[in-house]
Structures are given as C-alpha cells and as structure tokens.
Amino acid sequence: METTATSHHAPPQGFLRKYVFSLDHKVIGKQYLDLALVAVVIGMVLSWLMRFHLGFPTTAVPGLGKLAPTAAAGGVITPELYLALMTMHGTIMVFFVLTTAPFAGFGNFVLPIQVGAEDMAFPRFNMMSFWVTFVAFLVLVAAFFVPEGPPISGWTAYAPLSAIGKDAGPGLGTGQTLWAVSIALFCVGQLLGALNFIATTLDLRTKGMTLMRMPLSTWAWFITSVIGLIAFSVLLPACILLILDRVAGTSFFIPGGLVVSDRLQPHSGGSPLLWQHLFWFFGHPEVYIAILPGFGIVSHILPVFARKPLLGPKVVLICLIAIAFLSYTVWGHHMFLSGMNPLSATLFSVPTLVITIPATIVVLLWIGTVYGARMRFTTPALFCLGFISVFVSGGISGFFLAQPSIDTYLHGTYFVVGHFHFVMGVAAMFGIFAGVYFWFPKMYGRMMNDKLGKLHFTLTLIGVYCVFMPMHYLGLAGNVRRYSTFTDDYMKGSLPLHRFITIAALFTGAVQLIFFYNLIHSRLRGAKAPDNPWQATSLEWSTSSPPPFDNFGGHHPVVTHGPNEYGVKGPTGDYIMQASSDQPVTS
Amino acid sequence: MTAPASPARTGVWVGIATITMSFAAYTSALLVRQGAGSDWQHFRLPSILYFNTVLLLVSSGTIELGRRRGYAWLIFTLGLGLLFIAGQVLAWRNLAAQGLFLATNPSSSFFYVFTVLHALHLLGGIVALGYVLVRLRAPTGGPPLTALGAVSLYWHFMDVLWLYLLVILALRL
Ligand code: HEM
Ligand SMILES: [Cu+2]
C-alpha cells in the first residue's frame with residue numbers, strides 16, 4: 001500500500017541501494033535476467049549429465065565419482081541420481097528460467113518504459129518480488145547439498161511419492177521439503193510481481209497511452225500477469241498442503257493403507273489425484289506464462305525488421321486473450337491416464353483442440369506480416385523467425401496429444417518430451433534470445449555483435465532440431481520417458497539415436513558459449529548504441545540508451561500514435577514514433 | 001500523472017482476486033478430500049467463533065466511521081481486529097483441549113488451515129492499518145487518505161471472506 005511510489009524520486013546513493021536492494025524496475029529486471037542466466041547454466045549442465053548417461057550408459061562422467069561418491073559410484077550415474085537430475089533440471093528450467101526471464105525479467109525492464117511510467121506502481125513490492133524469488137532459488141539449490149540429495153519426483157512432484165517423505169526414496173526427505181518450500185516462495189515472489197504489472201499497466205500509463213496504443217509486448221506481459229495471478233494463487237495452496245502432509249502429519253494427498261519401504265504409512269483417506277488437479281490447474285497456464293511473453297516479443301519485434309505494420313494487431317490481441325482464457329479449461333489433458341472417465345477426457349480434449357485455433361491465427365498473422373516484406377535480417381529478427389519455426393514444429397505434436405486415445409499410447413514416452421521442449425523450452429528460449437539481442441542496446445547502451453549473433457542463431461537452430469525432432473520418433477517407437485538407460489530388451493535399438501541426440505545436445509550447449517562471449521564482450525566493449533538503433537516506434541526508443549533513472553529525464557512523454565506505424569512517411573524515416581510530436585529530453 | 005490516486009486501490013483489488021482464488025483452491029480441495037476418503041469426522045465448531053464474527057462485523061463499521069469521523073475510531077478498529085485474532089486463538093485452544101489437532105482428522109486439518117490463513121491475512125490488514133495510522137500522525141500528512149481507502153477496502157474483504165469461511169466450515173465440518 002505504497003502511494004508515494006511514483007512521485008518524483010531521486011536516484012538512490014550507495015552501492016547497496018543502487019545495485020542490490022534497488023527499487024528501480026530497470027535494475028530489478030536485470031537482476032531477474034541475471035538470475036535466469038545463472039539458473040539456465042545450472043539447468044543446462046544437469047541436462048548434459050542426463051544426456052551423457054542416456055547416450056553412453058556405461059561410461060563414467062569424468063570427476064562425477066568424486067562429487068557424488070554414492071549416487072554415482074565410479075562416476076556412472078545411478079537411476080536414482082538420474083531422477084534427481086531430471087527433477088532439478090525441470091524445476092529450475094520451468095520456474096527459474098522460463099518464468100523469470102521472459103516474464104519477470106523483460107517485463108520489469110521494458111513494461112514501465114513502454115507505458116511511459118517512471119517506475120512500477122509498488123517499487124518496494126517489486127524489490128521483494130525479486131528477493132523472495134532469489135531466496136526460493138537458493139532453497140531449491142540447497143537440495144543438492146543435503147545428505148540424501150535432491151528429490152526424485154519430477155518437476156510435477158506427484159503425490160503420494162512427493163508427500164510421504166524419506167520412505168519413498170532418496171531425496172524425498174529433506175530434499176523434497178526444500179523443493180516444496182522453494183516453490184511456495186516462488187509463488188509469493190511472482191504474485192508480488194504480477195500485482196505490480198497489473199497496477200502499473202492500469203494506472204500509470206502516460207498521457208495519450210490508451211490501452212489500444214499499448215505495444216503488444218506490454219499487452220502480453222499484462223495478460224501473462226493475469227494468468228500468473230490465478231495460476232500461482234492455486235499452486236501456493238497446493239504447496240502449503242503438500243508441506244503440511246510432509247511435516248505436520250496431515251493426509252491431504254496420501255491415501256490410507258499405503259505400505260512403502262515395508263512400513264505402513266501413518267496416513268488415511270487422502271487423494272493423490274487432488275494434487276494432480278491442483279498442480280495442472282496451475283501447470284497448463286504456466287506453460288502459457290512461459291510462452292505468451294514470447295508471443296508479445298515476436299509481435300513487437302517482427303514489424304520493426306519487416307518495416308511493415310503487424311498484420312491484424314487487434315486480432316492478435318483478441319487471440320492472446322482467448323488463449324489466456326482457454327488455458328484454464330484444459331488442465332485435464334495432462335491427466336488422461338489418471339483413470340478419468342471418457343466423458344471428462346472428451347471435455348478436456350475439445351478445448352485443447354480449440355486453443356490451437358487462436359495460436360494458429362497468430363502464427364498466420366506473423367507469416368502474413370513478413371510475407372513480401374523487405375526484411376532486415378538482424379539477429380533479433382532471425383530469432384523471431386526461429387521462434388515461429390520451433391513453435392509450429394512443437395505445436396503440431398500437440399494436436400496428437402490432445403486426443404485421449406492417441407495420448408494413451410504417447411503420454412509416457414519421449415513424444416511428450418519432444419513436444420514440450422520444442423514448444424515451451426526452445427520457443428520460449430528463442431523469445432528470450434530475440435529479446436536480449438533487441439533490448440540489449442537499451443539496457444546497457446552498447447550494441448551486441450551481429451555477426452556472432454547470426455552464428456549463434458544458425459548453429460542453435462540446427463542443434464535444437466537435431467536434439468528434439470528425433471525424440472518424436474523415439475516416442476512413436478515406444479521409448480518411455482523418465483528412465484535412465486535404454487540398454488535392455490526392446491529398447492536396445494534406440495541407443496544409436498540416443499547417442500546422436502546426446503552429441504547434438506552437447507554441441508548445442510557448446511554453441512551457447514558464443515552467446516555468453518557476445519554478452520560479456522558487448523557489455524564491456526560493444527559499439528556505443530544510439531537511442532533508437534532499430535528505428536522502432538515504442539516509447540523505450542524515445543529515451544536515451546540506457547534510460548535515466550526516472551526513464552524519461554523528468555519528462556512525461558505524450559503519446560500520439562499507435563506502436564504499429566511502419567512503412568509510412570515519417571519525419572525521420574519510414575516510421576512514426578509513438579511520442580513523435582513530443583520533444584524527448586535525452587541526457 | 002504526478003499524484004496517481006488509484007494504484008493502491010487497484011493493488012488491493014488485485015490482492016482480493018488473489019486471495020479469493022487461493023481460498024477457492026482450498027475449498028475445492030476440501031470438497032474433493034471429503035469425498036475421497038471415508039475418514040471424515042464431523043465436529044461442532046467452538047461457539048466463540050460466532051462471537052468473533054460479531055467483533056469483525058462491528059470493526060467493518062468502525063473503520064468506516066474512522067474514515068469520516070477520525071482517528072479514534074481507527075484505533076478502535078485496530079483493537080477489534082486484534083481482539084478477533086485473540087478470539088481465534090481461544091477457538092484453537094478450545095479444539096486442542098478436545099483433542100482435535102491439525103493432523104487429527106481431515107476435518108480438523110481444514111479447520112486449522114482455513115482459520116490460520118484467514119488470521120494471517122487479517123494480521124496483514126492490521127499491520128497496514130497501523131502503518132496508515134502512523135503516517136496520519138506524521139506532520140507531512142500526505143497520501144494516507146487513498147491508503148486508508150485501500151486498507152478499509154481490504155478490511156471489508158477480510159470480513160466477507162470470514163463469513164464465507166464460517167458458512168463453509170459450519171456446513172462441512
Ligand atoms: C498447440 C497447442 C497445444 C496442444 C494441443 C498441447 C497439448 C498437450 C497435451 C495433450 C499434453 C499432455 C501430453 C501427456 O502428458 O501425455 C501436453 C503436454 C505438455 N505441453 Fe502442450 N500443447 C500445446 C501447446 C503447448 C505450449 C504452447 C506449451 C508451452 C509453452 C506446452 C507445454 C507442454 C508441457 C510442458 C507438457 C508436458 C508436461 C509434463 O508432462 O511434464 N504445450 N501438451
Ligand atoms: Cu497442457
């Protein structure tokens with residue numbers, strides 16, 4: 001309940017206030033992005049370990065035997081360790097990368113500037129949002145350092161496995177408790193963030209910035225925060241009940257008469273399916289929390305480089321809202337195999353198919369926008385095109401999975417792994433990359449190297465297709481997921497393909513070094529960025545690079561145009577800026 | 001733009017949406033859980049809850065009086081809020097004396113979850129009200145009038161939420 005937030009504040013003094021416990025949305029946005037960067041490195045290393053073991057099941061990972069003498073005696077990963085790696089990989093990636101970077105990171109940095117505000121509506125809550133998320137991350141990572149190690153129940157933490165405690169397996173004692181506490185904290189952090197996004201968008205828009213003049217990127221963050229608000233306020237209760245089952249002896253999720261590790265569990269009557277419902281009521285919207293900012297980013301960036309207005313911006317907006325709404329009606333498609341009656345399965349299947357319609361319309365409008373355009377093939381433009389490619393490739397497999405009869409076969413297989421890595425993992429990552437290459441000049445006042453960027457894009461695109469396309473075939477061939485080795489029986493034949501995927505994954509990972517090098521080198525030595533290097537229209541480009549503390553140097557921009565004025569006769573080129581008749585003060 | 005009036009109010013509305021959603025989740029958990037096992041035991045709600053309800057309802061009136069007539073009523077409201085929480089503590093002790101603890105039975109589990117979470121949220125409102133009171137006393141005056149509006153909105157919501165919870169608990173436990 002802070003109302004002083006937006007009235008002229010002076011830049012803070014001192015290192016702590018300026019860079020650590022900063023109230024400035026720009027600093028907080030960068031902190032979120034840096035957190036995501038740390039998280040993605042950890043998550044990627046975990047995936048390499050898993051991939052290495054899948055491709056070379058009997059070969060020791062150099063050095064691992066020393067790091068984990070019991071879980072990987074002699075350096076060969078045990079099935080238990082494999083599951084622990086998988087759980088941590090999924091949790092870190094979904095929560096601390098795909099939620100923090102596209103939503104909290106870019107949203108924090110860009111949204112207030114794009115609506116012409118000096119800061120978020122509640123800067124103190126905003127700071128808390130980051131620090132609570134940061135603590136959540138530390139709590140999760142702490143699971144690596146407790147005696148039994150991290151939990152082995154997957155990022156979905158299905159009960160009763162996740163609820164019983166120690167008896168259920170290694171890591172399901174302290175490790176799983178840390179997991180539940182971490183995710184509960186994460187929910188609190190993101191709720192505080194969503195609160196800010198909503199209040200800022202509704203109340204702090206500058207003069208002339210009507211809702212219909214808001215760039216689609218800001219619209220997407222706004223819609224995402226509404227989704228997040230609902231989703232995280234359901235996951236938080238779920239985590240609290242899970243924690244109570246684990247530490248206080250309640251029986252929300254644990255049925256009676258359960259004997260695990262030869263011990264009768266002291267619980268009765270709980271419902272494991274209750275966890276699944278609560279989790280997926282959050283979980284499906286969560287996948288849209290990861291991807292909708294990417295939709296916004298692509299809709300925002302494509303016209304800049306196509307030098308043409310986006311086709312049907314209102315239709316895109318309606319589709320985004322439709323997706324948000326529908327995303328709450330489909331969670332049961334993750335539970336087709338839970339013994340659900342066929343009628344319910346159909347009731348979940350239909351909206352799942354319906355939700356592909358708005359997504360398809362948006363993709364067609366993007367393609368229509370670049371059709372016949374004289375594209376400027378910069379790195380951010382390429383990543384937007386790549387986004388469309390991988391999103392379509394991953395989306396198509398969704399049509400199959402949406403049908404209960406087909407999903408019965410595919411649910412437990414690599415087909416699903418291929419599906420969600422394309423559509424969620426890689427597409428969202430491409431959105432993040434597009435955003436980094438696009439906004440880096442605004443964030444740091446320096447340009448990124450475009451040649452390296454293109455190399456990074458090309459090799460990454462090839463790499464991810466080599467990694468995730470074959471997974472669909474593996475799945476169709478009956479290759480189950482969440483197993484650590486495929487050396488026995490009927491799965492023997494899949495080993496060469498797994499080996500190929502592993503090599504492609506290590507290659508794709510190595511390619512990211514180009515990106516890291518570019519990031520660090522450009523931050524220190526990149527060419528100085530002009531205020532508007534891309535000749536874009538939205539408000540962040542009418543202030544200096546980087547923007548002053550209060551974003552517009554004591555000035556309140558007045559907006560007279562929509563964000564979509566490309567390919568027209570403007571005062572400085574083929575575009576008209578949103579605040580074009582305004583005199584920006586650039587320091 | 002210089003003195004935007006509404007973010008505090010918008011913020012509270014967003015908060016209300018969040019809290020409503022989370023209690024909807026708890027409620028659906030209760031309904032599912034009650035149907036899932038055959039171990040649900042009914043018990044009588046401690047009668048002090050009804051007395052507490054009256055306290056909370058009155059406090060919603062006094063906070064409105066406070067907004068119009070001044071400071072003293074706000075302090076009175078704060079006192080009623082604290083008294084409500086004290087009353088809830090008595091209710092918990094009453095149940096504990098009957099041998100009903102958090103993990104005794106799913107019905108008692110939900111009782112504690114609902115009432116403790118509501119009390120924590122109300123405590124948040126009490127802290128916010130205290131903050132506004134301190135600010136009102138400060139010589140600079142300033143923004144608290146909108147903040148007071150926001151706090152009282154939240155306070156009324158706590159009231160409505162409690163009535164809803166009481167009905168659910170009375171019907172289901
Ligand atoms: C084209 C529209 C889409 C359809 C029809 C669709 C359909 C499905 C279905 C039916 C499943 C359940 C498969 C199973 O577990 O057996 C599934 C899983 C999944 N989908 Fe999608 N999906 C679509 C788009 C997306 C998007 C856009 C994302 C993320 C940005 C996404 C992320 C996921 C994830 C993460 C899972 C698996 C979670 C797990 O089991 O660990 N999907 N999808
Ligand atoms: Cu889904």
Side-chain angles (χ1 to χ4, degrees), chain A residues 1-8 116-118 120-122 125 187 191 194-207 225-226 229-238 240-241 244-245 248-253 255-256 266-275 277-278 281-282 556, chain B residues 1-15 17-40 101-106 108-110 112-113 117 124-125 127-129 131-132 135 142-151 154:
Chain A
M1 254 129 303
E2 249 168 309
T3 46
T4 48
T6 47
S7 35
H8 325 107
E118 286 178 8
M120 284 282 187
F122 313 106
F125 281 164
C187 293
L191 285 171
L195 171 79
N196 255 313
F197 280 42
I198 293 174
T200 305
T201 313
L202 290 180
D203 293 334
L204 298 190
R205 276 172 289 124
T206 192
K207 200 160 165 220
S225 44
V226 176
L229 201 74
I230 301 173
F232 287 114
S233 46
V234 171
L235 184 62
L236 179 58
I240 290 177
L241 297 184
L244 289 178
D245 267 6
T250 54
S251 307
F252 295 109
F253 304 122
H267 293 274
S268 75
S271 164
L273 278 184
L274 174 59
W275 170 264
H277 278 293
L278 292 174
F281 187 84
F282 147 82
H556 294 294
Chain B
M1 262 306 294
T2 34
S6 35
R9 248 189 127 65
T10 310
V12 171
W13 276 113
V14 174
T18 311
I19 297 169
T20 305
M21 194 63 213
S22 69
F23 276 95
Y26 287 115
T27 308
S28 65
L30 180 146
L31 298 177
V32 171
R33 178 62 182 83
Q34 194 175 17
S38 50
D39 54 346
W40 193 278
F101 298 96
L102 175 65
T104 309
N105 192 262
S108 64
S109 303
F110 277 104
Y112 283 105
V113 167
L117 284 174
V127 169
L129 183 57
Y131 171 77
V132 170
R135 292 289 298 268
L145 268 189
T146 54
L148 182 57
V151 170
Y154 182 78

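Residue numbers begin at 1 in each chain, while the letters A, B, ... track the order of the sequences.
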Checklist outcome for this item: Of B:T104, B:L30, B:L102, the largest count of non-hydrogen pairs under 4.5 angstrom with chain A goes to B:L102

Checklist entry - Of the backbone (N, CA, C, O) and the side chain (C-beta and beyond), which part of A:F281 lies under 4.5 Å from a heavy atom of chain B, both, or neither? => result side chain

Next on the checklist: Which residues pass the ring pair (Phe, Tyr, Trp, His ring centres under 6.0 Å) test with B:Y26, not counting sequence neighbours?
Outcome noted: B:F23

Checklist entry - Does B:D39 use its side chain to pair, donor to acceptor, with the backbone of B:N105 at less than 3.5 Å? => result no

Checklist outcome for this item: Cut-off 4.5 Å, heavy atoms of chain B, and the answer for A:L273 is neither

Item to check | A:L235 portion near chain B, given a 4.5 angstrom heavy-atom threshold | outcome: neither

Next on the checklist: Taking every non-hydrogen pair under 4.5 Å, which of A:L191, A:L241, A:L244 racks up the most with chain B?
Outcome noted: A:L241

Checklist entry - chain B: which of A:L229, A:I198, A:L236, A:D245 shares the most heavy-atom pairs with it under 4.5 Å? => result A:L229

Checklist entry - Name the one of B:V132, B:T146, B:V12, B:V127 that satisfies side-chain contact (heavy atoms from CB on, under 4.5 Å) with B:V151? => result B:V132

Item to check | Donor-acceptor contact below 3.5 Å, side chain B:R33 vs main chain A:S251 | outcome: yes

Checklist entry - So, A:T200 side chain and A:F197 main chain: donor-acceptor pair closer than 3.5 Å or not? => result no

Next on the checklist: Tell me whether the rings of A:F232 and A:F282 are parallel (<30°), tilted (30 to 60°) or perpendicular (>60°).
Outcome noted: tilted

Next on the checklist: One pair to check against ring pair (Phe, Tyr, Trp, His ring centres under 6.0 Å): B:F101 and B:Y112. What are the steps and the verdict?
Outcome noted: CA-CA 8 Å; B:F101 298 96; B:Y112 283 105; 7.7 Å; no

Checklist entry - Any idea which of B:A103, B:G37, B:P106, B:S108 has the most non-hydrogen atom pairs under 4.5 angstrom with chain A? => result B:A103

Checklist entry - Is chain A contacted by the side chain of B:S38, its backbone, both, or neither, given a heavy-atom distance below 4.5 Å? => result neither

Next on the checklist: Looking at chain A, which one of B:I19, B:T18, B:V32 has the largest number of heavy-atom pairs inside 4.5 Å, strictly under?
Outcome noted: B:T18

Item to check | A:L202 portion near chain B, given a 4.5 angstrom heavy-atom threshold | outcome: side chain

Item to check | Toward chain B, the part of A:I230 with a non-hydrogen atom under 4.5 Å | outcome: both

Checklist entry - Do the side chain of A:S271 and the main chain of A:F253 share a donor and acceptor less than 3.5 angstrom apart? => result no

